[in-house]
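Just below is one structure, and these are the notes that go with it.
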Amino acid sequence: MRNKTLVDFDRAKNEIALVDHNRNKVVYGLDSLLLIIGNSFPLLEKIARIQTLYWFFKRLYSFVSYNRKQIIPSAKNKTEQSCVPDFNLKYRIAYIAFTVIFSAYILSVFSEKMGLNSEADF
C-alpha cells in the first residue's frame with residue numbers, strides 16, 4: 001500500500017509510472033519505458049537517449065499516450081480509478097491529421113491496386 005502514496009496518480013494517467021521498490025522512487029513516461037527496454041537492450045536505450053532522438057521519442061510517446069483511448073478505447077472509462085489521459089488539443093489535432101493522411105494513403109494504394117485510380121471517361 002505504500003506505493004499508492006508514492007505514485008502521482010494525476011501524472012500516471014498520462015505517463016507510465018515505474019516504481020523502484022528498493023529506492024522508493026518513481027520514474028514516469030519515456031524514461032520509464034527506456035528503463036524497461038534498457039533492461040533487455042542496453043544499446044537501444046543509449047541510442048534513444050541521444051538528445052535529438054530523445055526529443056523525438058518524447059513527442060512520439062506523448063502523441064500515443066494522450067491519444068491511447070482513441071487508438072484503443074475501453075468500455076469502462078468512467079470509474080474513479082480509471083486511467084484516462086488528460087485531453088491535449090495539440091496531440092489530438094496531430095492524431096486526427098495523422099489518421100486522415102494515413103487513411104488517405106492506404107485508400108489510394110488500395111484503389112490503385114484495384115484499378116480504381118484510372119481516369120474516368122466524362
Side-chain angles (χ1 to χ4, degrees):
M1 286 298 193
R2 65 187 171 134
N3 293 336
K4 256 191 168 176
T5 59
L6 195 62
V7 175
D8 178 357
F9 186 71
D10 289 327
R11 187 170 178 191
K13 286 195 237 181
N14 301 319
E15 302 174 275
I16 296 170
L18 180 64
V19 179
D20 183 346
H21 295 287
N22 297 329
R23 295 185 291 181
N24 274 348
K25 183 181 174 190
V26 181
V27 181
Y28 294 92
L30 181 60
D31 292 323
S32 66
L33 188 60
L34 289 177
L35 282 173
I36 293 167
I37 291 170
N39 199 27
S40 299
F41 306 101
L43 182 62
L44 192 58
E45 178 189 6
K46 286 181 183 180
I47 291 170
R49 290 196 185 273
I50 295 171
Q51 189 173 7
T52 53
L53 290 176
Y54 185 83
W55 177 89
F56 172 75
F57 288 131
K58 184 88 167 161
R59 298 318 175 269
L60 182 62
Y61 179 90
S62 295
F63 172 79
V64 172
S65 180
Y66 281 107
N67 290 299
R68 70 180 184 271
K69 293 297 180 178
Q70 271 54 64
I71 298 168
I72 304 175
S74 58
K76 299 179 182 179
N77 283 336
K78 301 298 180 198
T79 66
E80 188 176 313
Q81 298 280 323
S82 65
C83 225
V84 177
D86 295 332
F87 178 78
N88 185 301
L89 183 62
K90 175 176 69 170
Y91 288 114
R92 187 60 51 86
I93 289 171
Y95 173 71
I96 292 169
F98 170 78
T99 304
V100 167
I101 292 167
F102 183 74
S103 299
Y105 172 74
I106 294 298
L107 288 172
S108 70
V109 169
F110 177 75
S111 63
E112 186 177 311
K113 291 197 182 281
M114 296 293 293
L116 302 174
N117 270 0
S118 60
E119 292 184 29
D121 294 329
F122 289 103

Quick check: closest heavy atoms across [X] and [Y], and the distance to 0.1 Å?
{"X": "Phe63", "Y": "Tyr91", "answer": "CA-CD2, 3.6 Å"}
{"X": "Asn22", "Y": "Asp20", "answer": "N-OD1, 3.0 Å"}
{"X": "Ala17", "Y": "Tyr28", "answer": "CB-CE2, 3.7 Å"}
{"X": "Ser111", "Y": "Ser108", "answer": "OG-O, 3.1 Å"}

pair [X]-[Y]: side-chain heavy atoms closer than 4.5 Å:
{"X": "Gln51", "Y": "Trp55", "value": "no"}
{"X": "Asp8", "Y": "Val26", "value": "no"}
{"X": "Leu34", "Y": "Phe57", "value": "no"}
{"X": "Val7", "Y": "Val19", "value": "yes"}

For [Y], does its backbone N or O pair with a side-chain atom of [X] as donor and acceptor, under 3.5 Å?
{"X": "Ser103", "Y": "Val100", "value": "no"}
{"X": "Asn24", "Y": "Leu6", "value": "no"}
{"X": "Ser32", "Y": "Ile16", "value": "yes"}
{"X": "Ser62", "Y": "Arg59", "value": "no"}

query: Quick check: are there more than 12 heavy atoms from other residues, nucleotides or ligands sitting under 6.0 Å from NZ of Lys46?
result: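 For Lys46, atom NZ is not crowded (no more than 12 foreign heavy atoms under 6.0 Å).
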Same apolar cluster (I L V M F W Y, side chains within < 4.5 Å links), Leu30/Ile36: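 Looking at the clustering, Ile36 is in a separate group from Leu30.
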message: When you group the ILVMFWY residues by side-chain heavy-atom contacts below 4.5 Å and let the links chain together, are Ile101 and Val64 in the same group?
response: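 Different clusters.
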task: Compute whether any side-chain donor of one residue and acceptor of the other, for Ser65 and Arg68, lie under 3.5 angstrom apart.
output: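 The answer is yes; a qualifying pair exists.
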query: How long is the gap from CG on Asn67 to CD1 on Ile96, to the nearest 0.5 Å?
result: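 It comes to 8.0 Å.
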message: So, taking the atom named CG in Leu18 and the one named CG in Leu35, what distance separates them when rounded to the nearest 0.5 Å?
response: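 Leu18 atom CG to Leu35 atom CG measures 6.0 Å (nearest 0.5 Å).
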message: My understanding is that only residues two or more places apart in sequence, or in another chain, count here; which of them pass ring-ring contact (aromatic ring centres under 6.0 Å, His included) with Tyr61?
response: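 Partners of Tyr61 by the ring-ring contact (aromatic ring centres under 6.0 Å, His included) criterion come out as none, since no residue qualifies.
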field: Residues forming a ring-ring contact (aromatic ring centres under 6.0 Å, His included) with Tyr95, sequence neighbours excluded
entry: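 Result, ring-ring contact (aromatic ring centres under 6.0 Å, His included) vs Tyr95: none returned.
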- request: Considering only NZ, NE, NH1 and NH2 on the basic side and carboxylate oxygens on the acidic side, decide whether Arg49 and Asp31 come within less than 4.0 Å.
  value: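 Yes.
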